Number of protein chains: 2
Amino acid sequence: MSILIDNIGELVTNEPDQGEGLLGIRRDVAVVIEGDRIAWIGPSAQKPPADSRIDAHQRAVLPGFVDSHAHLVFAGDRAAEFGARMAGEPYTGGGIRTTMAATRAASDDELLGNASRLVDEARRQGTTTIEIKSGYGLNVADEARSLRVAGQLTTETTFLGAHVVPAGSEPDAYVDLVRGEMLDACAPYAKWIDVFCERGAFDGDQTRAILEAGAKKGLFLRVHANQLTEGPGVRLAVELDAASADHCTHLSDADIAALSGSNTVATLLPGAEFSTRSPYPDARRMIDAGVTVALATDCNPGSSYTSSMPFCIALAVRDMRMTPAEAVHAATAGGARALRRDDIGRLRPGARADLTVLDAPSHLHLAYRPGVPLISTVLHNGVPQ
Amino acid sequence: MSILIDNIGELVTNEPDQGEGLLGIRRDVAVVIEGDRIAWIGPSAQKPPADSRIDAHQRAVLPGFVDSHAHLVFAGDRAAEFGARMAGEPYTGGGIRTTMAATRAASDDELLGNASRLVDEARRQGTTTIEIKSGYGLNVADEARSLRVAGQLTTETTFLGAHVVPAGSEPDAYVDLVRGEMLDACAPYAKWIDVFCERGAFDGDQTRAILEAGAKKGLFLRVHANQLTEGPGVRLAVELDAASADHCTHLSDADIAALSGSNTVATLLPGAEFSTRSPYPDARRMIDAGVTVALATDCNPGSSYTSSMPFCIALAVRDMRMTPAEAVHAATAGGARALRRDDIGRLRPGARADLTVLDAPSHLHLAYRPGVPLISTVLHNGVPQ
């Protein structure tokens, strides 16, 4: 089963040696998909026959978005808490603990239903790969089942037992649980391990202990780092060769230097700053220092309840001073780097056939037309969604 | 033909004496539509029979958004100019003059097709009333045909010959043209007249002369006021009883005082500040002073190419410190006030049956879930879209 996509206005390949600029933009080309892979990209005049055809009507074709940071396994929402925060009113709800309680009380089917709806919602907005974390179970059984739910929806599953210390637990005992029994129960269902390294969550020593235990179990590393304050998270992520340090809102010069000489991606999550009225990370400073940057949604019910990568692109351009090309690159190839994947986030023969056709002639429109649903067609694994 | 909407999670009526808070929220109620009007709102237990039924599945039902400021009659786009601006690169394009040239060169069918696509796009995002301005023709024939096009799509048509002085024209001569021959040609197709009162566009005397000429022709008044600098626009709008002063980004204490004692609405357009990286208007100061505020998109190809009222609501909450309720009110009842309409922007018997069902349980989600398409169903004039 092959599909020909032609009449493309602009093809974003993310292969700079194949086209124009950072995005490797090509024009007057066609794409052939065979099965779940891209089989051929070449001049329109030479396009081969295929079983079916998608006419792009001179619109832009992009790699599907890679959302490398999302917390989708939960129950309940926290709209009232959000509304109170935005209105400057006191709110006595329990924050993340509210979500933990609702998650623990929910059935597997409810958790899967909720997460599945969010994955579908994200896909309609062009996301073809999404990482999903646990982190609202915060006990052995509920973390493990959160990961089993996540594994039904993505291969990029992340064990985040170290999200916060749950109320009633003693911190060091909880760290021992996370890197001991909980890790044993969760590792079979997880590809990644992640720790929220932050004042009030887990300190540098605790983070290191948990990540090292995870690595010994064969999990790959990522870190919630430097979101609310400067701290050891980013440098620890680099030292331990984590694929990504996520948030990176408060960075010292030493943090920037560490990232720029490393294979660790800085994953920026402007939806979190948007929904908490916090200052945005300084993407310009990172990019100018040679740091590889990814954009992701941080989709979660507390601090960033958006599933929209186009929205994050628009914010990155407006409020983090990324160029439109840098933002689109970060939302595709950047996310792939943050997941250490080279089969997604780019369009070239052999890559996974994950792509979107915009309802617009250029990738620029994702920032130029903020808030407007511009995703016309999504192909995931070569299958029109 | 009657329609019953029931199983509503939250009904935003904008009738504070009918329900909770500014939005007059009611629960456990049903709505009956007959023809293009709302016929009945009452307790679910008492709902009458109807010809058809919409099950809201416990989601929120709101008045359709009223977008009281949009420039939809144009040709071309300015994505490259936007991209250069966001990348900090020089751009030698002609700004609004680029759009003027493309608009003059386009056929009536092209102009109608472009505007119609944007109206449809806005409607899918919940907008049921949209004001449409001329302002890219800037000569007698092209302003008049812009308004004829607008009139095919909305009753809220606005003559904006005084958008800028076109290149090659002498300012005073152009003002005479606008309030003379151009007004004569345009008035039959317009409900409103508008002037861009700003340094580099039209000064206070010119604005007054044009607005007074329009009023004599039976047009109602609105003003682009105080967008880029403080100036006479807002006070002039109040003095002449304009329905709205639009933008209001740079206001003196005297401007605020004038607005707060008037029937002139301050229409805020955060999409423009978003897309030009400009400081946002201080909505909090206006609301606290008793000014009536509306939100609109300013949809246009140069400075705010969004058609999304939900996006403007999210920005208003995040960056203009409006509460979610204030933002939703401004995007519905506020827009209606800015168009001096009392048949839209609220849900009560006799009002026009313009409403949306969200894919969410509460109006809060419009700000809580930024960038996510949350409009599930739209009824316009009682007709599901």
Side-chain angles (χ1 to χ4, degrees), chain A residues 60 77-89 117-118 121-122 124-125 271 273-277 284 297 299 301 304-319 321-327 359-375, chain B residues 60 77-89 117-118 121-122 124-125 271 273-277 284 297 299 301 304-319 321-327 359-375:
Chain A
D77 82 21
R78 280 151 59 192
E81 175 186 326
F82 171 84
R85 183 166 75 234
M86 292 296 124
E89 291 164 2
R117 266 193 297 278
L118 289 168
E121 184 184 276
R124 287 194 296 274
Q125 295 169 89
E273 280 81 23
F274 188 88
S275 291
T276 58
R277 285 203 191 113
R284 194 73 263 139
T297 62
C299 186
S304 180
Y305 201 6
T306 186
S307 58
S308 173
M309 291 292 281
F311 176 68
C312 294
I313 289 170
L315 284 187
V317 171
R318 200 282 176 181
D319 286 314
R321 297 200 169 257
M322 293 170 73
T323 68
E326 287 168 345
D359 191 12
S362 161
H363 70 281
L364 289 167
H365 286 236
L366 290 165
Y368 178 42
R369 309 215 56 213
V372 179
L374 286 182
I375 306 299
Chain B
D77 82 21
R78 280 152 58 191
E81 174 187 325
F82 172 84
R85 182 167 76 232
M86 292 297 123
E89 291 163 2
R117 267 192 297 279
L118 289 167
E121 184 184 275
R124 287 194 296 274
Q125 295 169 89
E273 279 81 23
F274 188 89
S275 290
T276 57
R277 286 202 190 113
R284 195 71 263 139
T297 62
C299 185
S304 180
Y305 202 6
T306 186
S307 58
S308 172
M309 291 292 282
F311 176 69
C312 294
I313 289 169
L315 285 186
V317 171
R318 200 282 178 181
D319 287 313
R321 298 201 168 256
M322 292 169 74
T323 68
E326 286 168 346
D359 191 10
S362 161
H363 71 280
L364 289 167
H365 285 235
L366 291 165
Y368 179 42
R369 308 215 57 213
V372 179
L374 286 182
I375 306 299

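This is a predicted model, so every value here is computed, not measured.
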Applying a strict 4.5 Å limit to non-hydrogen atoms, the region of B/Ala314 in contact with chain A is both
Roughly how far, to the nearest 0.5 Å, is CZ of B/Arg369 from OG of A/Ser307?
5.0 Å
Does B/Arg321 have more than 12 heavy atoms from other residues, nucleotides or ligands lying within 6.0 Å of its CZ?
no
Which atoms of B/Met309 come close to chain A, meaning under 4.5 Å heavy atom to heavy atom: side chain ones, backbone ones, both, or neither?
neither
Which heavy atom of B/Pro370 sits nearest to which heavy atom of A/Ser275, and what is that distance?
CG-OG, 4.1 Å
Taking A/Glu326, A/Arg124, A/His365 one by one, which has the highest count of heavy-atom pairs under 4.5 Å against chain B?
A/His365
Roughly how far apart are A/Arg85 CZ and B/Thr323 OG1, rounded to 0.5 Å?
14.5 Å
Which bit of B/Pro324 comes within less than 4.5 Å of chain A, counting heavy atoms only: side chain, backbone, both or neither?
side chain
Counting only heavy atoms closer than 4.5 Å, note whether B/Phe311 contacts chain A via side chain, backbone, both or neither.
side chain
Counting heavy-atom pairs under 4.5 angstrom with chain B, the leader among A/Glu89, A/Met322, A/Glu273 is A/Glu273
Measure the spacing between CD of A/Glu121 and CG of B/Asp359 and express it to the nearest 0.5 Å.
7.0 Å
Between B/Leu118 and chain A, which part of the residue has a heavy atom less than 4.5 Å away: side chain, backbone, both or neither?
side chain
Identify which part of B/Ala367 has an atom lying under 4.5 Å from any heavy atom of chain A, answering side chain, backbone, both or neither.
both
Nearest 0.5 Å please: distance from the CE atom of B/Met86 over to the CZ atom of A/Arg318.
8.0 Å
Residue from A/Ala122, A/Ala84, A/Pro301 scoring the most non-hydrogen pairs under 4.5 Å with chain B is A/Pro301
Quick check: does any side chain N or O of B/Tyr368 sit under 3.5 Å from a backbone N or O of A/Ala80, one acting as donor and the other as acceptor?
no
With sequence neighbours excluded, tell me which residues meet side-chain contact (heavy atoms from CB on, under 4.5 Å) with B/Asp319.
A/Phe274, B/Tyr280, B/Leu315
Go through the atoms of B/Pro361 and report whether side chain, backbone, both or neither lie under 4.5 Å from a heavy atom of chain A.
side chain
List the steps and the verdict of side chain to side chain contact (heavy atoms under 4.5 Å, CB included) for B/Arg277 and A/Val317.
CA-CA 9 Å; B/Arg277 286 202 190 113; A/Val317 171; 4.2 Å; yes
Could you tell me which non-hydrogen atom of B/Gly371 sits nearest to which non-hydrogen atom of A/Gln125, and how far apart they are?
O-OE1, 3.3 Å
